There are 2 protein chains.
Amino acid sequence: MVKNMTTSSVRTSVTLADVAALAKVSTSTASLAYRRTGSITERTRARILAAAAEIGYAGPNPTARSLKSGRSGIVGIIVAGTVRRAFQNPVAMATMSGLSEALDDLDVGQLLLSHRSESGDRSARLLDGMPVDAVVFLTRGEEFDGLLPSMRARRIPMVGVEGPHEEGVTLVDIDDASGMAVLAGRMRDLGHRRVGVVMRATRIDANGPPGPLSSVDADFDSISNRTIRERLRAVASVFPDAVRVEAGGRELDSGEIAAGRLLDAASPPTAILAQNDMLAVGALRAAEARGLQVPRDLTVTGFDGADIPLLDRRLTTVEQPLHDRGLQAGRMVGELLAGGSPSSIVLPVAFREGDTSGPPR
Amino acid sequence: MVKNMTTSSVRTSVTLADVAALAKVSTSTASLAYRRTGSITERTRARILAAAAEIGYAGPNPTARSLKSGRSGIVGIIVAGTVRRAFQNPVAMATMSGLSEALDDLDVGQLLLSHRSESGDRSARLLDGMPVDAVVFLTRGEEFDGLLPSMRARRIPMVGVEGPHEEGVTLVDIDDASGMAVLAGRMRDLGHRRVGVVMRATRIDANGPPGPLSSVDADFDSISNRTIRERLRAVASVFPDAVRVEAGGRELDSGEIAAGRLLDAASPPTAILAQNDMLAVGALRAAEARGLQVPRDLTVTGFDGADIPLLDRRLTTVEQPLHDRGLQAGRMVGELLAGGSPSSIVLPVAFREGDTSGPPR
DNA sequence: CCGCACCATCGAAACGATGCGATTCGCATC
DNA sequence: GATGCGAATCGCATCGTTTCGATGGTGCGG
């Protein structure tokens with residue numbers, strides 16, 4: 001409704017009521033012109049749309065519509081850390097790709113939200129202020145647990161990829177523990193006995209030197225990230241004597257440096273089991289820098305089966321259905337929005353033998 | 001307000017009025033408990049928050065709040081094609097990274113919207129139904145032009161990176177034509193005369209064989225993408241006799257195949273000027289596949305200065321301030337939301353000499 | 001030629017919160 | 001105990017739309 005037609009030209013926006021007035025119909029009829037349901041003459045509809053065009057009405061105000069309908073048509077996608085880092089991560093990216101594909105088909109908007117523990121309050125408040133119909137936790141992060149109570153109170157359906165394992169969250173889980181166990185088993189069958197493990201930084205924003213060498217099964221309980229913990233536990237079940245080192249950051253370089261620590265030790269491993277593919281690429285570099293040929297002098301394995309551009313080798317790894325888990329998460333969102341209650345699922349993984357593994361020298 | 005306390009347990013959500021009733025205050029006072037402005041006793045606020053906790057009220061409904069305030073706190077980020085592809089593109093990603101950084105500081109949500117021409121209507125309707133306070137066109141795409149009228153009608157401020165060059169869009173532009181001209185000039189100074197150009201696919205969703213070899217200045221006007229066109233024109237101004245080929249797709253492979261066409265021609269070029277860094281990497285591969293050493297046997301240049309992981313060479317290219325243009329776009333959004341009217345800017349680019357260029361053999 | 005059904009249109013009440021102006025409260029002062 | 005004043009609280013209109021039930025008009029069958 002145009003109210004402030006003052007000389008200072010402060011104009012509020014054009015509303016449906018203005019259109020109705022111009023077309024000489026009631027606002028309820030004018031509303032009909034924009035909906036699929038309800039009956040209205042083609043003639044009146046045309047008249048209304050003409051009036052709308054005349055005064056520059058661009059269609060119903062989304063906010064008002066949402067208020068009435070109780071739906072915003074927006075799905076929140078929550079990533080740990082920052083948006084930037086999430087999208088540099090090939091695993092998150094592949095999952096996102098599947099998710100986007102599914103959400104596109106649902107005709108919903110995708111609202112990207114990052115949540116990091118440091119700025120906990122702030123990003124939690126941001127999420128609380130957003131009109132989302134559902135949320136998806138795209139990556140695993142313990143910091144998400146703090147967001148759950150308010151989502152529950154607002155009855156916003158939640159879907160999680162790999163977590164959080166909490167009440168009210170429909171999960172797309174990955175059977176990575178057994179995948180890692182299979183991989184480790186194969187390496188043992190090949191004859192490896194001295195094994196090193198490069199694990200991911202436990203803090204998502206880590207950036208520094210790698211941690212000290214330690215026993216693979218040291219202090220599991222202090223590792224709060226479930227995914228990291230379970231993968232490690234799987235290796236420990238096969239190689240209880242393995243040595244592990246934690247990468248200092250998330251970049252390729254951190255993986256290379258951490259792997260270097262293992263290789264420079266007094267009795268270096270014959271196989272390095274990196275806990276993800278990026279770390280494995282770092283390990284390949286560390287090997288190359290030391291004149292070691294893979295797989296002749298050293299076996300290197302990864303995990304995830306992510307697509308790493310420009311890598312000309314075929315990594316021995318465990319493939320996750322990355323794109324598919326995004327799709328599944330999207331499907332769940334669809335079902336939840338339709339009022340259903342999909343059940344959580346666990347997706348399988350598959351060992352993939354590449355050209356970076358072989359018997360110990 | 002709990003209305004439907006039917007036995008079928010259909011409950012609408014808890015509202016501020018419920019909280020107020022329980023705390024025995026008016027809704028306006030209850031509202032005060034959640035705002036920063038206005039005066040309210042600490043005692044009453046505590047009582048209200050306690051009541052809220054008791055019946056599980058999670059704070060004011062974002063949609064209702066938006067309706068009153070006229071603001072959603074959401075900024076739309078529009079990419080051409082699909083979300084997936086946008087984030088596989090290092091240039092878009094770097095820009096997004098700067099943009100996200102700036103928007104994070106503004107405490108606004110980031111709504112990702114993709115728009116492709118095929119599904120024009122559909123994605124336009126999606127955008128129209130979204131409660132955004134401003135939009136950013138993250139990548140250049142002609143298909144965006146169709147979105148402008150309705151954004152203008154709704155008076156939603158628009159910021160564009162490299163376009164669209166249309167009224168009402170505040171631009172962060174890049175001086176790439178002159179950057180490309182400088183690069184081409186250097187190559188001429190090095191002595192190159194037979195030059196090949198690998199240009200990007202003009203259709204964003206292209207996926208097929210490369211186009212035919214043609215004269216560099218053939219049919220400029222049919223190239224609707226301004227960025228592609230202007231870069232090409234800059235090369236043509238220095239090397240009017242250059243030969244060009246259009247890559248068949250956006251993947252690395254397409255660049256390699258297209259560059260191969262140039263190299264396999266009767267009189268192959270001594271320098272390949274790829275129109276972006278990914279294409280240049282493709283050209284490097286094509287050279288390697290043919291036993292050509294770069295830069296001894298062939299010069300290869302790129303454009304963008306994007307960070308390409310796993311590339312161990314230093315590409316000769318033109319560096320754009322990618323992160324910065326995202327930051328600038330974010331700053332503009334901030335000013336627009338604050339009621340200001342920032343002016344468009346043109347950011348400079350810089351020639352960077354790497355180890356992929358040299359005099360012709 | 002009358003009555004009935006049906007359909008287009010309308011009026012008014014939500015949706016859930018906020019903010020203005022009015023009212024009441026608490027307390028100090030005379 | 002009456003008065004004054006600022007602070008705390010309240011009532012109500014409002015944001016722009018959708019939707020429900022009511023109303024009036026048209027056309028058709030009996």
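Values in this document were obtained by computation on a predicted structure and should not be read as measured data. All chains are named by letter (A, B, ...) in the order of the sequence lines, taking the proteins before the strands, and each is independently numbered beginning at 1. What's counted below: heavy atoms across the whole structure, side chains too, no hydrogens, waters or symmetry copies.
- Residue B/S26 places at least one side-chain N or O closer than 4.0 Å to OP1 or OP2 of D/dC10.
- With hydrogens and angles ignored, a donor-acceptor pair under 3.5 angstrom links the side chain of A/S28 to the base of C/dG11.
- We find that CD1 of B/I40 is positioned 19 Å from P of C/dT24, with the value rounded to whole Å.
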* To do: List the steps, then state whether side chain to side chain contact (heavy atoms under 4.5 Å, CB included) holds for A/L147 with A/F137.
  => CA-CA 11 Å; A/L147 303 175; A/F137 296 102; 4.2 Å; yes
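- Between A/S69 and D/dT18 there is no side-chain N or O to OP1 or OP2 distance below 4.0 Å.
- In the set D/dG16, C/dT9, D/dT9, the nucleotide with an atom closest to the side chain of B/S39 is D/dT9.
- Nearest to the side chain of B/T29, among D/dG16, D/dT9, C/dT9, sits D/dT9.
- On a pure distance criterion of 3.5 Å, no polar donor-acceptor pair joins the side chain of A/K68 and the base of D/dT17.
- Residues B/Q328 and B/R331 have side chains that bring a donor and an acceptor to within less than 3.5 angstrom of each other.
- Nucleotide C/dG16 holds its P atom 9 Å from the CG atom of B/D18, rounded to whole Å.
- Closest of all the heavy-atom pairs between B/T170 and B/P342 is CG2-O, 3.6 Å.
- Each of B/T41 and B/L67 has a nearest nucleotide on DNA chain D; the 5'-most of these lies closest to B/T41.
- Of the side-chain N and O atoms in B/T63, none sit less than 4.0 angstrom from OP1 or OP2 of C/dG16.
- Rounded to an integer number of Å, the gap from A/E42 CD to C/dC7 C1' is 15 Å.
- In this structure, the nucleotide among C/dT9, C/dT18, D/dA8 sitting nearest to the side chain of B/R65 is C/dT18.
- Between D/dT9, C/dG16, C/dC10, one nucleotide has an atom nearer to the side chain of B/A64 than all others, and that is C/dG16.
- Rounded to an integer number of Å, the gap from B/I48 CD1 to D/dC10 P is 8 Å.
- Summarising the geometry, the separation between CG on B/L32 and C1' on C/dA17 is reported as 12 Å, rounded to the nearest angstrom.
- Residue B/Y34 places no side-chain N or O under 4.0 Å from the OP1 or OP2 atom of C/dG16.
- Contact annotation: A/S31 reaches the phosphate of D/dT18 (side-chain N/O to OP1 or OP2, under 4.0 Å).
- C/dG19 atom P lies 12 Å from atom CG of B/L16, rounded to whole Å.
- Nucleotide C/dA14 holds its C1' atom 14 Å from the CG atom of B/N61, rounded to whole Å.
- Between B/R154 and B/D128, at least one side-chain N (NZ, or NE/NH1/NH2) sits under 4.0 Å from a carboxylate O, which counts as a salt bridge.
- Comparing A/T44 and A/T27 along DNA chain C, the residue whose closest nucleotide (by nearest heavy atom) sits nearer the 5' end is A/T44.
- In this structure, A/H323 NE2 and A/L99 CG are separated by 9.5 Å, a value rounded to the nearest 0.5 Å.
- With a cut-off of 3.5 Å on both Watson-Crick or G-U wobble distances, the partner of C/dC10 is given as D/dG21.
- B/M158 CE to B/L148 CG: the interatomic distance, rounded to the nearest 0.5 Å, is 5.0 Å.
- A straight line from CZ of A/R36 to P of D/dT18 spans 13 Å, rounded to a whole angstrom.
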